[in-house]
Amino acid sequence: MKPLRLICLLLTGSLALVGARAAVPNLIIIYADDLGYGDLGCYGHPTIRTPNLDRMAAEGMRFTEFYSAAEVCTPSRAALLTGRYPIRSGMCHDQFRVLRAVSTGHLPLEEVTLPELLKSRGYTTGIIGKWHLGVWSNTPNGHPQKHGFDFNFGLPHSNDMNPTPVAPKRANARPDQRAEWWNAPLYRNHELVEQPADQTKLTQRYTEEAVKFIRSNKAAPFFLYFPHTFPHTPLFASRNFAGKSPRGLYGDVVEELDASVGRILETLRQEKLADNTLVFFSSDNGPWLIMNQQGGSAGLLREGKGSTWEGGMRVPGIAWWPGRIQPGSVQRTLACTMDLFTTYAQLAGASVPTDRAIDGRDIRPLLFGSGNVEREGYFYYRGSTLYAARSGDFKAHYLTQAGYGQPKPDTHQPPLLFNLRIDPGETHNVAADHPAELARIAQAVEKHRANLQPAKSQLVDAVAAATKKK
Ligand code: MG
């Protein structure tokens, strides 16, 4: 090769590298609330119509073994944004499982959040939707802007948390439920926009804000965290969707969420951002089965929200990045929400903290088809108690308990053991046949515990506040 040509090539190569380094991707997480593993068309639901999420999966990657790091809302979100099991940040509690409207606890300021990391790399950061890591009207340090977000639009907590005196006792008790029975406050940054929020328009309004956020921040890298309020009960759909789904109101709500995802992806295409944006869709925990027809479905998985059976924590996971992720790919390797922390940080060129334990793994090899990601174990907590652990195909249950309605757990000695590859529904206990697997999982648990420093629970004060109120 002629020297001049070689120099030109080298020069072009290094320029391309500089370009690649400068062009960090936009990052989006869309997080449904209480959407089950079996609630989307692309995960096998026969009557809920989700053409946009199905298309997202067809153009991207669908995970079959994607997990939330907790079985209920607050700890799940803490894990997603810190890359750590919630027991490390104190955002879990055995009895009071989530933050309430009266809570003064919040995500500790010492925690390093994903938006904080991304901000350090020049990203503009926004949260649109349900926060649930601090009620800022009780405690200013609970506000998302204290935790790395530049912009906030949404509710501080779940949509059922401060009912007015006429609220029905059970969210599914009244087909004629009305938005004003739920006194949910809707905020833009620190400003109270509406209370009670008109929940029939919530998904629509979130979506408008998200589209606006994308359009107004398109010139520089942005991180949009979009945790929807629904399909957590009480369920509300806007006029365009109410009464349309063959699956009833729950279907209406999920179909509206699906349309919202479609709007986001369409906006990215229109703004020519699609080939430089990674979007990940998931859910904070499994379906709320005690809500009967207004709760979702975990498909073939056992149990739902609140439990450490697969249905409580294995959730849909869809990754989309045209040009980078192989279209129509199905990923069967275990991955989890905590991995998004680590992976997104790496994609932005930020380094994950080294002064603390981080449980999330860099799953770029899975997303981009360049290799595997080894994981010694995965740990299922209910509150701050470890109920089960998985290693490879096998999962051992030390304790089991229904998500709701079973006051005390059943203890298993020897533990129950399921081969999830053969038996994802956890119906055939094979502990007697695989003592070596049980021993291997026990070893992984021991190692995990040796490196565990549980933090004081931030949810404890909710117990005190609620007791005092009575
Ligand atoms: Mg939830």
Checking side-chain contact (heavy atoms from CB on, under 4.5 Å) for the pair Thr337/Ser76: CA distance, chi angles, key distance, verdict? CA-CA 8 Å; Thr337 53; Ser76 162; 5.5 Å; no
Evaluation steps, ring pair (Phe, Tyr, Trp, His ring centres under 6.0 Å), between Tyr187 and His143: CA-CA 11 Å; Tyr187 286 86; His143 195 278; 7.6 Å; no
Using distance alone, with no hydrogens and no angle criterion, decide if Asp198 and Thr200 have a side-chain donor and acceptor under 3.5 Å apart. yes
Between CD on residue Gln204 and CZ on residue Arg263, distance to nearest 0.5 Å: 9.0 Å
For Leu367 and Ile325 the tightest heavy-atom approach is O-CG1, 3.7 Å
CA sep, side-chain torsions, deciding dist, call: Phe236, Trp182, ring pair (Phe, Tyr, Trp, His ring centres under 6.0 Å): CA-CA 11 Å; Phe236 294 98; Trp182 308 97; 7.8 Å; no
Would you say the ring centers of Tyr380 and Tyr67 fall short of 6.0 Å from each other? yes
salt_bridge(Glu255, Arg247) N-O dist < 4.0 Å: no
Could you go through the side-chain contact (heavy atoms from CB on, under 4.5 Å) check for Met161 and Val98 one step at a time? CA-CA 11 Å; Met161 281 196 159; Val98 297; 3.7 Å; yes
Taking the six-membered ring for Trp, is the centroid-to-centroid distance between Phe379 and Tyr387 below 6.0 Å? no
Determine whether a donor-acceptor pair (N or O, by modelled atom type, separation under 3.5 Å) exists between the side chain of Arg121 and the backbone of Gly349. yes
Honestly, is Arg314 close enough over Phe66, meaning NZ or CZ under 6.0 Å from the six-membered ring centre and within 45° of the axis? no
Looking at Asp275 and Arg324, does any basic side-chain N land under 4.0 Å from a carboxylate oxygen? no
Ion pair check, Arg97 and Glu71, cut-off under 4.0 Å: yes
Under 3.5 Å, is there a donor on one side chain and an acceptor on the other for Asn159 and Gln199? yes
Are Arg100 and His157 packed together at the side-chain level, in the sense that at least one heavy-atom pair is separated by less than 4.5 angstrom? no
Test your reading of the model: is there a side-chain donor-acceptor pair from Gln458 to the backbone of Ser89, 3.5 Å cut-off? no
From CD (Glu116) to NE2 (His147), nearest 0.5 Å: 7.5 Å
Asn189 and Asn152 side chains, donor-acceptor separation under 3.5 Å: no
Does this structure show an ion pair linking Arg205 with Glu194, if we count only N-O contacts that are shorter than 4.0 Å? yes
Separation between CG of Asn138 and NE2 of His106, rounded to the nearest 0.5 Å: 10.5 Å
Quick check: do Val253 and Pro231 have side-chain heavy atoms less than 4.5 Å from each other? yes
Between Arg361 and Glu374, is the salt bridge (Lys or Arg N to Asp or Glu O under 4.0 Å) condition met? List the steps. CA-CA 9 Å; Arg361 295 294 176 81; Glu374 300 291 336; over 6 Å; no
Kindly compute the distance separating CD1 (Ile30) from OG (Ser282), expressed to the nearest 0.5 Å. 11.0 Å
Within a strict 4.5 Å, meaning less than it, do heavy atoms of the Ser283 and Asp34 side chains meet? no
Identify the heavy atoms of Trp136 and Leu155 that sit nearest to each other, and give their distance. CH2-C, 4.2 Å
Of Phe341, Phe223, Phe63, the one forming a ring pair (Phe, Tyr, Trp, His ring centres under 6.0 Å) with Phe280 is Phe63
Donor-acceptor pair, side chain of Thr82 and main chain of Thr113, under 3.5 angstrom: no
Asp339 and Thr343 side chains, donor-acceptor separation under 3.5 Å: no
Would you give the length of the straight line joining atom CD of Gln293 to atom CG of Leu235, rounded to the nearest 0.5 angstrom? 11.5 Å
For Arg84, is there an ion pair with Glu111 - N to carboxylate O distance below 4.0 angstrom? yes
Ring centroids only, cut at 6.0 angstrom: are Phe281 and Phe226 within range, meaning strictly under it? no
For Asp252 and Lys244, run salt bridge (Lys or Arg N to Asp or Glu O under 4.0 Å): C-alpha distance rounded to whole Å, both residues' side-chain angles, the deciding distance at 0.1 Å, then the answer. CA-CA 6 Å; Asp252 296 340; Lys244 301 278 167 65; over 6 Å; no
Between Arg62 and Tyr43, is NZ or CZ placed under 6.0 angstrom from the six-membered ring centre and within 45° of the ring axis? yes
Looking only at the side chains, is there a donor atom on one of Asn26 and Thr277 sitting less than 3.5 Å from an acceptor on the other? yes
Of the non-hydrogen atoms in Gln145 and Asp150, which two are nearest, and what is the gap between them? NE2-O, 3.0 Å
Ignoring hydrogens and geometry beyond distance, is a side-chain donor-acceptor pair present between Thr333 and Glu65 at under 3.5 Å? no
Going by distance alone, is a donor N or O of one side chain under 3.5 Å from an acceptor N or O of the other, for Gln294 and Thr233? no
Charged N to carboxylate O below 4.0 Å: is that the case for Asp33 and Lys130? yes
Candidate pair Leu420 and Glu426, rule side-chain contact (heavy atoms from CB on, under 4.5 Å), full reasoning: CA-CA 7 Å; Leu420 296 178; Glu426 299 176 287; 3.7 Å; yes
Are Ile29 and Tyr344 packed together at the side-chain level, in the sense that at least one heavy-atom pair is separated by less than 4.5 angstrom? yes
The single option from Leu340, Asp284, Leu133 that satisfies side-chain contact (heavy atoms from CB on, under 4.5 Å) with Leu80 is Leu340
Smallest heavy-atom separation, Ser158 atom then His132 atom, equals OG-CE1, 3.3 Å
Does His232 have its ring centroid less than 6.0 Å away from the ring centroid of Trp288? yes
Where is the tightest heavy-atom contact between Leu186 and Tyr206, given as atom of each residue plus distance? CD1-CE2, 4.3 Å
Between Glu310 and Lys395, is there a side-chain N and carboxylate O pair less than 4.0 Å apart? yes
Do Asp54 side-chain atoms and Cys42 backbone N/O form a donor-acceptor pair below 3.5 Å? yes
Could you walk me through whether Glu59 and Gln326 pass the side-chain contact (heavy atoms from CB on, under 4.5 Å) check? CA-CA 8 Å; Glu59 293 175 356; Gln326 178 71 33; over 6 Å; no
Hey, can you tell me if Phe149 and Trp131 have their rings parallel, tilted or perpendicular (30° and 60° cut-offs)? perpendicular
Any chance you could measure Ile48, atom CD1, to Asp39, atom CG, to the nearest 0.5 Å? 4.5 Å
For a quick test of reading the model, state the closest non-hydrogen atom pair linking Trp320 to Met56 and the distance between them. CD1-O, 3.5 Å
